[in-house]
Each structure stands twice: as structure tokens, then as C-alpha cells.
Amino acid sequence: MPEDLNWAIGGEAGDGIDSTGKIFAQALSRAGRHVFTSKDFASRIRGGYTAYKVRTSVDRVESVVDRLDILIALTERTIHENEDELHEDSVIIYDGERSTMQDVEVPHGATALEVPLKRLAEDAGGAIMLNVVALGAACEVTSFPIENLDESLQKRFGDKGEAIVENNKKAARMGQEYVQEEYDEEFDYSMETTDADYVLLNGDEAIGMGAIAAGCRFYAGYPITPATDVMEYMTGRVDQFGGKVVQAEDELSAINMALGAARAGARAMTATSGPGIDLMTETFGLVATSETPLVICDVMRSGPSTGMPTKQEQGDLNMTLYGGHGEIPRFVVAPTTVSECFWKTVEAFNLAEKYQTPVFLVSDLAMAVTEQTFSPETFDMDEVEVDRGKVVDEDEIGAWLDEQGRFQAHFPAADGVSPRAFPGTADGAHMTTGLEHDELGRRTEDTDVRIEQVDKRQRKVETAREQEEFDYREFGDPDADTLIISWGSNEGAMREGLELLDAEGHNVRFISVPYIFPRPDLTDEVQAAEEVIVVECNATGQFADIIEHDVLERVERINKYNGVRFKADELAAEVKQTLDPDNGTQEVEAE
Amino acid sequence: MSSDVRFTDFKSDKQPTWCPGCGDFGTMNGMMKALAETGNDPDNTFVVAGIGCSGKIGTYMHSYALHGVHGRALPVGIGVKMANPDLEVMVAGGDGDGYSIGAGHFIHAVRRNVDMSYVVMDNRIYGLTKGQASPTSREDFETGTTPEGPKQPPVNPKALALSAGATFIAQSFSSNAQRHAEIVQQAIEHDGFGFVNVYSPCVTFNDVDTYDYFRDSIVDLDETDHDPHDRDQAKDKILESDKEYMGVLYQNEDSVPFEQREGIESSMAEIPDGAPEGAMDLVREFY
């Protein structure tokens with residue numbers, strides 16, 4: 001009986017796949033089980049294959065794997081799409097009475113349960129509840145107490161009235177009873193429940209929550225997959241704390257509005273994905289040169305151009321690291337897990353204000369659509385610290401006025417960070433411009449002042465290197481000969497991959513890096529290892545290039561760019577293949 | 001706000017590098033007068049400017065100011081005002097900055113109706129890049145990049161604004177100092193987006209739309225029976241392509257600024273030292 005269960009519902013976009021999957025995931029979470037969800041979806045509103053996958057265990061789960069145990073197939077295509085992941089113990093639930101599902105071929109000896117989903121839903125009060133009938137059937141197959149589903153149904157349909165909630169509960173039970181009565185099989189699945197309290201949220205929600213916790217009060221953005229959830233999360237919620245979300249007319253406007261709000265003293269943010277980052281690029285330099293604190297979040301998706309908008313990739317690293325003309329100081333921070341999306345967002349706001357620079361918060365689609373369970377203390381709000389940096393009020397401003405009483409907003413301080421006066425502060429009125437400027441913020445082409453101001457701005461990075469800890473997270477055996485390095489959302493799959501590798505006698509050290517710039521110096525770590533492999537979801541190995549540049553040594557690369565995130569078992573196999581290419585080749589030939 | 005603020009308090013000690021005789025001198029003086037007359041002072045005022053000759057204005061004025069990127073001054077101004085509604089926000093632009101690269105932002109700033117003023121120095125030419133056609137240049141205006149004229153009708157910014165739901169549309173002429181300052185003052189006092197197109201002649205590159213041309217052709221709406229509260233009258237005046245008017249073309253007295261409709265009452269600059277009270281409720285929502 002596997003501890004670890006992989007469940008999915010698939011059908012056409014518009015079939016309610018997402019909400020059904022979420023109802024089930026929430027039920028599991030409320031039953032004290034860990035959950036890790038993922039989505040397959042296409043860039044269309046209705047039609048086309050879409051699936052919501054849930055991996056669940058009483059132990060923590062950090063990734064997806066290449067195995068599917070329970071599949072609710074609303075369309076025949078759903079079975080074909082997941083054929084490779086099905087096995088002889090898999091159970092497929094489908095509606096055999098639907099004309100398109102008459103001659104379903106069941107792959108790999110899996111068990112197919114024909115349940116008249118639509119007919120039962122109609123009996124319960126409406127065909128629309130057929131997905132819930134299927135959930136009830138799935139509860140029976142997995143021995144998951146159906147009462148746990150009730151709370152989720154209440155949460156999902158409570159707004160629509162008690163009658164709707166009751167009908168849904170009834171529909172779920174009809175699905176459960178149908179399987180009980182019609183099938184004698186003993187299914188080898190069970191789902192233990194625990195007393196643990198978990199919250200279930202995705203990376204975009206964690207970023208939005210982190211922003212509000214950190215005091216972000218102004219958000220301007222333009223809808224784009226997969227960053228829109230950040231905006232939707234903040235809309236309404238930030239208002240409760242005196243803030244506002246504005247949907248701008250485009251990304252150029254969004255970043256400029258956020259810049260304006262930041263200059264007015266608000267903690268401000270914008271979030272977008274690759275194409276939007278391109279449009280915002282012109283303003284990066286203005287943010288940096290005007291020394292305005294701003295958090296710019298890029299939730300990456302497959303590029304270039306419009307690429308594959310609903311698919312995973314980590315292809316914008318170079319863009320956030322180097323984007324924009326001229327040279328500007330910046331921070332690039334890339335959370336490695338859903339919970340780190342929260343904490344790194346908090347940190348991004350502090351870095352932005354302490355150093356008065358743009359901070360790029362780089363997440364990706366895999367994290368944006370992954371819902372994961374956490375104990376609520378993971379997001380302990382008492383741990384949130386707010387550091388606004390060198391803000392001066394009217395009592396302190398005197399120290400920063402020149403002999404004519406003018407505020408030196410760009411004073412070339414030794415640490416590179418000038419005083420900051422929010423508009424409205426008496427005696428603080430000053431100009432700031434994207435043109436090169438003097439300490440008063442006024443345009444200049446004086447060669448000495450130019451050098452002084454460029455040096456001053458660049459010193460922020462050195463100061464940050466001294467004051468902050470740009471460290472990494474480490475897993476596996478610290479003394480292993482094999483070192484694997486990754487950044488962003490690959491951490492979970494790699495951590496689980498380590499266990500699989502360990503079971504086969506491969507001893508591995510794994511370093512997950514959340515800071516792209518400034519970043520930890522990995523020279524010693526790389527030099528201590530015999531084999532170094534950099535894992536990332538892009539074709540060219542942008543982070544591997546950086547590591548090679550830093551340590552002047554070649555590294556191996558594992559790159560995935562088909563639009564799907566790394567899976568733990570697949571990644572472990574890739575690592576083995578890289579370590580022992582001959583062996584891998586023979587295996588392939590033997591098949 | 002101190003009551004003894006003079007318009008010269010809004011002047012910086014930087015000498016303008018505009019050409020002698022440039023219309024922008026008068027435009028800027030009128031802006032400073034209007035700010036002082038409306039009871040503002042440099043420390044509560046935020047001026048945003050774009051790129052070009054008009055964009056230099058923030059350097060010559062004394063206030064909190066940001067000189068932004070080409071065409072994007074309006075979104076910056078909106079962000080400033082929404083984050084701190086106590087500030088007086090004025091955005092300055094040019095016809096290229098505002099009606100070409102920034103045209104999209106213009107329409108949406110008008111629609112959004114944030115309580116700020118937008119003063120556009122319209123000289124019907126690109127000055128700082130040395131004399132190319134602008135969106136308000138005449139169809140047959142010959143320049144280095146349009147030797148036979150742009151061959152397309154000029155943009156009518158007032159018509160764009162009216163069609164986008166503007167609540168205040170005015171036009172002024174920089175050389176008529178008193179009237180210009182009054183009109184900008186009315187834009188500041190308007191509860192919403194106060195849009196003023198200012199004829200601000202370029203003496204170096206535009207020999208058609210000159211001081212003499214505007215002086216001879218401009219009609220002061222105060223000397224007509226124009227009712228700025230009548231949208232149909234405003235529409236007729238705005239669509240008269242062969243007439244130049246000075247004064248308030250349209251004003252909706254019932255205008256409610258966007259930030260008020262959005263319930264923003266105070267500055268967003270004040271935040272707690274840690275997560276706000278009640279923040280754990282944000283986590284509990286995910287149970």
C-alpha cells in the first residue's frame with residue numbers, strides 16, 4: 001500500500017477541472033495530509049486538454065513524480081495524455097455512458113471504473129456536479145473519509161447557498177455508493193488522516209502575502225500568465241491595510257506607476273512575466289538612477305516572444321541580471337520553494353529600501369501554479385522585519401542640507417546609500433532625474449561628478465555584500481564528490497531525487513541558490529567536488545554560465561526546456577546518466 | 001502649507017537652457033504662479049516631467065520632482081498621487097512626449113481622472129532633437145524627416161480627451177501670462193484630472209506656429225458666450241480644426257477623483273515596523 005498517492009482529474013478547459021482539483025486538495029490538507037499540486041493547462045479558455053494533479057502523503061512532498069495512481073478522466077484524451085504514468089495498480093474513473101467514452105482502451109493493465117457520472121449528478125440535482133460525483137468515487141477507491149470532502153464543498157459552494165452545498169454532498173455520496181455497490185475489487189489504496197493543521201497555497205499567493213506582510217501598499221500590474229495570481233491575491237486584500245492595486249493600461253504604465261508610488265514613500269511592487277519584463281526594461285535604469293526602491297517580480301514562463309505562455313521555463317535569468325541599457329546596480333533574488341516565495345518577497349522589500357535600488361524577484365510558472373501544504377507557523381508574521389533604510393524626517397534633514405539649505409538626495413555617501421526624504425517632508429524638496437545628476441539630483445555632464453555618482457551607486461552592491469548574507473541552502477552529503485547546483489523551483493525535485501540516488505548508492509551534495517545577484521561565492525564548493533552539475537529549466541544553462549564565469553571551471557549541465565518542470569524520478573535518472581553516461585547508453589540500447 | 005509662498009519659491013537656482021524666447025519660459029512661470037496661488041509650497045508639491053524641452057522643467061522648478069522616461073510621466077504622477085493624496089501633483093509634458101509615445105497613457109490617465117494637473121507644452125514640433133514633425137504638426141509642415149509634410153492630420157488632443165471622458169479640458173497660450181496662470185490654476189483646483197494644452201511656441205524650429213500666428217488667431221473663450229459645462233458646446237469648439245481657443249473648454253463639476261472613488265484617504269508611506277496587525281489572518285485564509 002503506497003504511502004504516497006498521485007491523483008489527477010483531467011478534461012477540457014472549462015470543465016471545472018481546476019476547482020474540482022482544488023476541492024480535493026483542500027480536503028486532503030484539512031485531513032492533515034501533505035499536498036503538492038501541479039497543473040497541465042493550455043493557453044485557451046475553453047476546450048483543449050487540462051489537468052490538475054495532486055500528490056499527497058502523510059510525509060512532506062516537495063515535487064511531482066512520473067506516476068499516476070488515481071485518474072478521473074472526463075475525456076478520452078485525458079487517458080492518452082497520461083498513459084506513460086499509469087501502471088497496473090492505477091485506477092481510472094470515467095463515465096462509460098458518454099458517447100465519446102464508449103471504447104476506452106485502458107493502458108498498462110490499469111483498472112477502469114465506469115461510473116455514470118452525469119446520470120448520478122442529474123439524480124443528485126444537476127449534471128454540473130458530475131465532477132463531484134467523481135470525487136466521491138475517488139474517496140471510495142482511496143478509503144478517504146468523505147466527511148473531509150464536505151468542508152471543502154462548503155468552502156467552495158457556501159456562497160451559493162446551503163441547498164447547493166447539500167446537493168454537492170449528496171452527489172459525492174452517490175459516487176461513493178455507486179463504486180461500493182457495483183465493484184467488488186479491493187483497492188490497494190488508503191489515505192490516512194492526521195491531526196495536523198495545514199494551509200494550502202501557491203507561489204503567487206505566497207508572493208502577494210509576503211508583499212502585504214512586508215508593508216507593500218501599492219501594486220500596479222497588467223494581467224499576464226502566470227503572474228496574474230499575484231495581482232488577484234492582492235486585490236481587495238491590500239485595501240484592508242490601506243493599500244491599493246491598480247490595473248494599468250500596459251506594463252510600461254504599471255512599472256512607472258509603481259515607481260511614482262515608491263517615490264511618494266509607499267512600498268510598491270509590480271509583477272509580470274517575460275514579455276512584460278521586456279516592456280518594463282526601459283524603466284529599470286530610471287529606477288536605479290533615481291535611486292528608487294522598487295520590487296519587480298518576474299514569474300517566468302516559456303519564451304522567447306510569446307513562447308508557451310502556460311508552460312514552465314527559467315529562461316529570463318539573463319534578462320533580469322543584465323536587462324536595460326547602461327550599467328545599473330540591482331538585486332536579483334529567486335525563491336526556491338513556495339514558502340520562500342513569501343520570505344524572499346519580504347527580504348526583497350528590505351533590500352530595495354536599504355539600498356534604494358530595483359530588486360528583481362524571480363519566480364516561475366512551476367512555483368506559481370503549485371499549491372503546497374505548510375504548517376501556518378511557516379509564515380509566522382512575528383518574524384517579519386521591516387527595514388526602511390535611510391529615511392530622514394524633518395528633524396534629521398538638517399544634517400543632509402548643503403550650505404544653501406538644499407537637500408542632497410544623492411549625496412555620495414561612503415556606503416553608497418543616500419538619505420531619503422518622502423515628499424511632504426519640510427526642506428526636502430529636490431529634483432531627481434534619470435539623466436546623470438549631481439548630489440542635488442540636478443542634471444550634469446561634469447566628468448568628475450559622473451564618476452562620483454556611478455561609483456556611489458555601484459558601492460551599494462559592495463555594501464550589501466558586506467552587510468547581507470547571500471547564502472545558499474544545502475542538502476545531501478556535504479563531503480560527496482558529486483555536487484549538484486540549481487536555482488529557483490528545482491529544489492524540491494532535486495531534494496527528492498537525492499533520496500532516489502542515495503538508494504542506488506550515489507552520494508550527492510546539493511546546493512540550491514536563491515540569490516542570483518549578488519550571489520554566494522561557490523568557488524570552494526566547486527573546486528572540492530569531482531563532478532559539478534548545474535540543473536535548470538532552460539536550454540542554454542544561464543546559471544551554469546555564471547558559475548563557470550565565477551569559478552573559471554567547466555561544469556556539467558542538465559537542462560530541461562520542454563515546458564514541464566523537473567520531476568524527482570526523472571531528474572535522478574538524468575543525474576545518473578550524467579555521472580555514468582556509458583551505463584545509461586547501454587540501458588537505452590537494451591530497451 | 002505656508003500662506004506667504006511666492007511663485008519664485010518654486011524657482012530653482014538652475015538657469016534654464018531653453019532657447020531665448022522659447023514659449024516654455026512663460027509656460028513654466030504660469031505653472032509656478034498657479035501653484036503658489038492655490039496655496040501650495042515646494043515641500044508638498046510633486047512635479048513629474050517627461051523627455052524633451054518640456055521635460056527640463058523639473059530641473060528649473062523647485063519642488064519634489066522626477067524627470068522620467070519618454071512618454072511615461074503620467075503613470076508616475078498617478079502613482080505619486082495615489083500613494084499620497086495629500087501631495088499636489090503636476091505633470092508637465094510636450095506634444096511629442098504626451099501625444100506620440102505617451103498617447104496611450106494620456107487616454108487612460110484621462111479615463112482614470114486622478115486629481116492632478118497635466119500641462120502640455122505644445123509647440124507642434126520636436127525641438128530637442130532639432131526640428132522633426134510632432135503629432136500636432138500641420139499636415140503640410142516640412143521638416144528634415146518629413147520633407148513634404150507629415151501627410152497625416154494632426155492629433156487633436158482635446159478631442160481625444162473629451163472622447164475618453166475628460167472632466168477638465170483647457171487650452172492656454174504661454175505668452176498671455178495672466179490668462180495662462182489663471183487657466184492652470186483652474187486645472188489645479190479642479191477635482192480630477194485637469195488637462196491644459198498650452199501653445200508654447202518654438203522660436204528656433206517652427207516658423208509656422210509662431211507667437212504672431214497664435215496672437216492673431218487665438219480667441220479667448222471668456223470673451224464669447226461659451227459655457228464650459230455644456231459638453232455639446234465643448235465638443236463643437238474642440239472639433240473646429242481651424243480655430244484656436246484659449247480658456248476652459250470643458251469642465252464637469254460633478255467629477256469625483258479616482259483615488260476618492262477608490263477610498264484612498266491617506267498617505268501609504270506610513271507602515272508598521274513589522275507585519276501589520278491581523279496579518280496572520282492572511283495565512284488562516286488558506287486553511
Side-chain angles (χ1 to χ4, degrees), chain A residues 29-30 197-201 205 209 212-215 217-218 220 237 239 241-244 246 248-250 252-254 256-268 282-283 286 290 376 379 381-382 384-386 404 422-435 442-443, chain B residues 12-14 41-48 56 58-59 61-84 86-87 104-105 107-108 112 259 262-276 278-280 282-287:
Chain A
S29 165
R30 282 161 172 267
D197 276 331
Y198 295 131
V199 290
L200 182 73
L201 69 166
E205 290 164 337
M209 193 166 78
I212 295 176
R217 293 292 174 267
F218 187 85
R237 288 186 182 82
D239 304 44
F241 300 93
K244 190 55 64 181
V246 178
E249 59 272 22
D250 55 36
L252 300 145
S253 177
N256 279 283
M257 276 188 203
L259 165 68
R263 286 217 73 82
R267 283 195 154 188
E282 181 192 26
T283 304
L286 176 62
S290 65
F379 309 100
M381 293 292 175
D382 291 338
V384 171
E385 286 174 16
V386 170
Q404 272 109 30
F422 296 156
T425 308
D427 298 329
H430 67 275
M431 169 72 186
T432 292
T433 168
L435 293 164
R442 303 182 314 178
R443 169 195 186 161
Chain B
S12 83
D13 49 10
K14 197 94 171 167
D41 68 37
D43 287 331
N44 85 321
T45 303
F46 202 110
V47 174
V48 190
K56 296 179 171 186
T59 305
M61 286 175 65
H62 176 60
S63 70
Y64 284 93
L66 182 79
H67 176 214
V69 294
H70 202 188
R72 322 283 168 218
L74 282 171
V76 173
I78 290 168
V80 171
K81 184 69 182 182
M82 290 190 72
N84 187 352
D86 300 333
L87 298 172
H105 302 312
I107 296 296
H108 295 284
R112 215 167 263 127
E259 68 278 17
E262 287 286 325
I264 300 172
E265 283 161 5
S266 54
S267 166
M268 296 177 187
E270 292 299 319
I271 57 166
D273 291 338
M280 263 330 266
L282 294 171
V283 183
R284 290 187 196 104
E285 245 187 86
F286 291 105
Y287 270 124

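Remember, it's a predicted structure, so these values are computed and weren't measured experimentally. Per chain, numbering begins at 1; letters A, B, ... match sequence-line order.
Residues A:Arg442 and B:Asp13 meet the side-chain proximity criterion, which asks for heavy atoms closer than 4.5 Å. Residues B:Pro276 and A:Arg217 are in side-chain contact: their nearest non-hydrogen atoms beyond the backbone lie under 4.5 Å apart. Annotation: side chain of A:Val386 is in contact with side chain of B:Ile271 (closest heavy-atom distance under 4.5 Å). Side-chain contact between B:Glu285 and A:Arg237 is present, with heavy atoms from C-beta onward closer than 4.5 Å.
For a residue to count as touching a neighbouring chain, one of its non-hydrogen atoms must lie under 4.5 Å from one of that chain's; by this rule B:Ser63 touches chain A with the backbone only. For a residue to count as touching a neighbouring chain, one of its non-hydrogen atoms must lie under 4.5 Å from one of that chain's; by this rule A:Leu259 touches chain B with the side chain only. Residue B:Lys81: no heavy atom, backbone or side chain, is found under 4.5 Å from chain A. Proximity to chain A involves both the backbone and the side chain of B:Tyr287, based on heavy atoms less than 4.5 angstrom apart. For B:Leu282, the parts lying under 4.5 angstrom from a heavy atom of chain A are both the backbone and the side chain.
Legend: residues meeting salt bridge (Lys or Arg N to Asp or Glu O under 4.0 Å) with A:Asp250, ordered by chain and number and at least two apart, are absent. Partners of B:Glu265 under the side-chain hydrogen bond (donor to acceptor under 3.5 Å, both in side chains) rule, at least two apart in sequence or in another chain, do not exist in this structure.
A salt bridge is defined here as a Lys NZ or Arg NE, NH1 or NH2 lying under 4.0 Å from an Asp or Glu carboxylate O, and A:Lys244 with B:Glu259 fails to meet this definition.
Judged by distance alone, with hydrogens and angles left aside, the side-chain atoms of A:Asn256 form no donor-acceptor pair with the main-chain N or O of B:Pro75 at under 3.5 Å. Formation of a donor-acceptor pair under 3.5 Å by the B:Asp43 side chain with backbone atoms of A:Asp427 is found in this model.
Distance CG/A:Leu286 to CG/B:Leu66: 5.5 Å, rounded to 0.5 Å. Here the straight-line distance linking atom CD of A:Glu249 with atom NE2 of B:His108 works out to 5.0 Å at 0.5 Å rounding. Atom CZ of A:Phe422 sits about 10.0 Å away from atom OH of B:Tyr64, to the nearest 0.5 Å.
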